[in-house]
Amino acid sequence: MPDRDNTAQRIEAAALRSKRSAPPGWAKNGFIAALDIGTTKVSCLIARVVGEGIVVVGVGHQASRGLRSGTFVDLDAAEAAVRATVEAAERMARENIRQVIVNVSAGSPLSRLVAYEVAVGGHEIDDADLRRILEQAKIGQPDAQGREVVHAIPVGYSIDGCRGVRDPRGMFGQRLGVSLHLITAARGALRNLSACIDRCHLEIADKVVSSYAAALGCLVDDETTLGTTLIDMGGGTTSLAVFFDGELIHTDSIAIGGIHVTKDIARVLSTPLAQAERMKTLFGSCLPSLSDDRQVIEIPPMGEEGAGELSQVPRSLLVSVIRSRLEEVFEMLRARLEDAGLDKMSGRRVVLTGGASQIPGAPELASMILDKQVRIGRPRPMKGLPEAAYGPGFSTCAGLLRYAVNHPHQGDSTTYRPVDPPASRLSRLGQWLRENF
Ligand SMILES: Nc1ncnc2c1ncn2[C@@H]1O[C@H](COP(=O)(O)OP(=O)(O)OP(=O)(O)O)[C@@H](O)[C@H]1O
Ligand SMILES: [Mg+2]
């Protein structure tokens, strides 16, 4: 005779796993929207759920306002930019949206690895136990610095102290343990993000740390499995996400981005910011070449409003300004990876994405300083995504949509799933857990 309780639990668990076509966090009308609020641009993608996949039906993007290095400094201005962007995407999609999956750059997102255990009293471990332990692990974290958990990603389970369990469901034991990668951000900054979304009469379906979203947008499975460091070079921030054995194991960010390169150019060449931005995009590079001294760039002087005489500077000066700032950025990232003990573990591969990764020579410079193979990452193919949104600046927004597909909404941003590495990866994951706990 079948055990009724057990059967009911199994049905519930199966239903939970198969809830993909219309997860509860997604709009009832089958639409999902991703909103990337960046320091220099806001972008929104609206997608329609079709079967188990999605088709992009609305795109909006425009210059951002009210943020500095990913942090809100003027809510009115940010609200206006977000509203205009979402409305543009809604017009194209011919649909109004209510909920958005939004990126988190503010509040200095920080990664931490923790181990947590709960009593399971000898019964068969099920989905409810996994949910409970993740919830308790999140709630149980000390909140000394007023930080909030944005992601709690299980990277390994244990039963009665026995580590290396791939999927504890269906197994028996007294104590269930989980090793978690926690990403926290300052509560005040998260409240400002919520306030901005609220003012736009939208709701947050989920929050995803920007570099994680950018990685989901452009990394292929082999890269996350073999170990890759994603570097998102934005306007006001440069952030990284490290993957190992298919799991996100570390994130970090520094408050320097493409805007700082532009400001350096404006300062050194004494030209308006708009001109400096133009020169960076048109003639910029961080790789010196023999012809740089012979190539002359004409620039308008600061404050003359087009009336002043153009001054001439060798392109080599522009290149050296850009190069020294990007050297600083990559050296800081290298030091951060070393501090986290991840310089070796972060894989042989780096993927650069974000608008500022388009500065010619950035991959070569990154490769030299970080001593890794480097490629530029763009959004992976997605049905309905227009050609213009396949630039590196759209990786984060595209990744937010992918997150929605891969992580049926749980009512919060806990990444809830069994750790399921292929058998060949188990020993390495176990070794990594031993080294880190
Ligand atoms: N073709 C290009 N060449 C060089 N730099 C570029 C190019 N296109 C965009 N950028 C730079 O990319 C930066 C913007 O990148 P992105 O749109 O990824 O930033 P963001 O998401 O708004 O900012 P953040 O992620 O830091 O909050 C700007 O500094 C811009 O000057
Ligand atoms: Mg960005």
Side-chain angles (χ1 to χ4, degrees), residues 34-45 59-73 77-78 81-82 85 102-109 185 189 192-193 196 208-218 230-241 251-266 273-287 318-319 321-323 325-326 329 333 351-363 365-366 376-379 388-400:
L35 179 64
D36 172 17
I37 309 177
T39 312
T40 54
K41 84 173 187 317
V42 183
S43 38
C44 176
L45 293 174
V59 182
H61 60 94
Q62 72 148 58
S64 180
R65 298 268 179 275
L67 274 90
R68 189 172 297 152
S69 287
T71 299
F72 289 91
V73 291
V82 170
T85 307
V102 70
N103 67 310
V104 175
S105 292
S108 315
N192 286 336
L193 173 63
C196 176
V208 187
V209 165
S210 300
S211 59
Y212 184 18
L216 294 175
C218 66
L230 180 287
I231 300 178
D232 178 10
M233 303 175 68
T237 59
T238 303
S239 53
L240 58 81
T251 59
D252 203 347
S253 68
I254 56 173
I256 303 178
I259 292 173
H260 299 80
V261 176
T262 305
K263 283 184 177 168
D264 290 348
I265 297 170
L273 281 169
Q275 285 298 330
E277 178 73 21
R278 188 171 160 270
M279 278 193 293
K280 178 178 83 172
T281 314
L282 289 182
F283 311 113
S285 170
C286 50
L287 280 190
L318 177 69
V319 172
V321 172
I322 296 174
R323 186 181 175 92
R325 181 57 92 167
L326 289 195
V329 167
L333 294 180
V351 174
L352 295 186
T353 196
S357 68
Q358 295 170 96
I359 295 173
L365 188 63
I376 296 287
R378 302 166 189 283
Y390 276 106
F394 281 90
S395 294
T396 305
C397 207
L400 291 169

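Both ligands and their constituent atoms are indexed starting at 1 by order of listing. Just so you know, these numbers use all the heavy atoms, side chains as well, and skip hydrogens, waters and symmetry mates.
Between the Thr237 side chain and the Ser69 main chain, no donor and acceptor come within less than 3.5 Å of each other. Between the side chain of Ser357 and the main chain of Met233, no donor-acceptor pair closer than 3.5 Å is present. Not one N or O on the side chain of Thr251 forms a donor-acceptor pair closer than 3.5 Å with the backbone of Ala241. Panel note: side chain Ser211, backbone Leu240; a donor-acceptor pair is recorded below 3.5 Å. Lys41 contributes a side-chain N or O that, together with a main-chain N or O of Gly393, makes up a donor-acceptor pair within less than 3.5 Å.
Of the protein's non-hydrogen atoms, Gly355 N, 3.6 Å is the one closest to atom 16 (P) of ligand 1. Atom 17 (O) of ligand 1 has as its closest protein heavy atom Lys41 NZ, 2.9 Å. When hydrogens are left out, the protein atom nearest atom 4 (C) of ligand 1 is Ile359 CG1, 3.5 Å; that is the closest non-hydrogen contact. Taking atom 22 (O) of ligand 1 as the reference point, the nearest protein heavy-atom neighbour is Thr40 OG1, 2.6 Å. Atom 1 (N) of ligand 1 has Thr281 CG2, 3.6 Å as its closest protein atom, hydrogens excluded (heavy atom only). Of the protein's non-hydrogen atoms, Glu277 OE2, 2.4 Å is the one closest to atom 31 (O) of ligand 1. The nearest heavy-atom contact from the protein to atom 8 (N) of ligand 1 is Gln358 NE2, 3.3 Å. Nearest protein heavy-atom contact of atom 21 (O) of ligand 1 is Gly38 CA, 3.7 Å.
Checking Ser105 against Ser210 by side-chain atom types alone, a donor-acceptor pair falls below 3.5 Å. A donor and an acceptor atom, one from each side chain of Glu277 and Thr262, are located under 3.5 Å apart.
The side-chain heavy atoms of Val329 and Val261, taken from C-beta on, include no pair separated by under 4.5 Å.
Under the 4.0 angstrom criterion for non-hydrogen atoms, Gly236 is in contact with ligand 1.
Those atoms of ligand 1 that come under 4.0 Å of a heavy atom in Ala356, given as number and element, are 11 (C), 12 (O), 13 (C), 15 (O). Those atoms of ligand 1 with a heavy atom of Gly354 less than 4.0 angstrom away are 18 (O). Heavy-atom proximity to Ile259, at under 4.0 Å, picks out these atoms of ligand 1: 29 (O). Less than 4.0 angstrom separates some heavy atom of Thr237 from each of these atoms of ligand 1: 24 (P), 25 (O), 26 (O), 27 (O).
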Candidate pair Leu35 and Leu400, rule side chain to side chain contact (heavy atoms under 4.5 Å, CB included), full reasoning: CA-CA 8 Å; Leu35 179 64; Leu400 291 169; 5.6 Å; no

Taking it one step at a time, do Ile265 and Arg325 satisfy side chain to side chain contact (heavy atoms under 4.5 Å, CB included)? CA-CA 10 Å; Ile265 297 170; Arg325 181 57 92 167; over 6 Å; no

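Between Thr262 and ligand 1, a contact under 3.5 Å exists for no N or O pair. Not one N or O of Gly70 is nearer than 3.5 Å to an N or O of ligand 1, by distance alone.
With Ser64 as reference, Val42 is the one residue of Val42, Asp36, Thr85, Thr39 to meet the side chain to side chain contact (heavy atoms under 4.5 Å, CB included) rule.
When Thr39, Ile322, Asn103 are ranked by how near their heavy atoms come to atom 24 (P) of ligand 1, first place goes to Thr39. When Gly235, Ala106, Ala214 are ranked by how near their heavy atoms come to atom 13 (C) of ligand 1, first place goes to Gly235.
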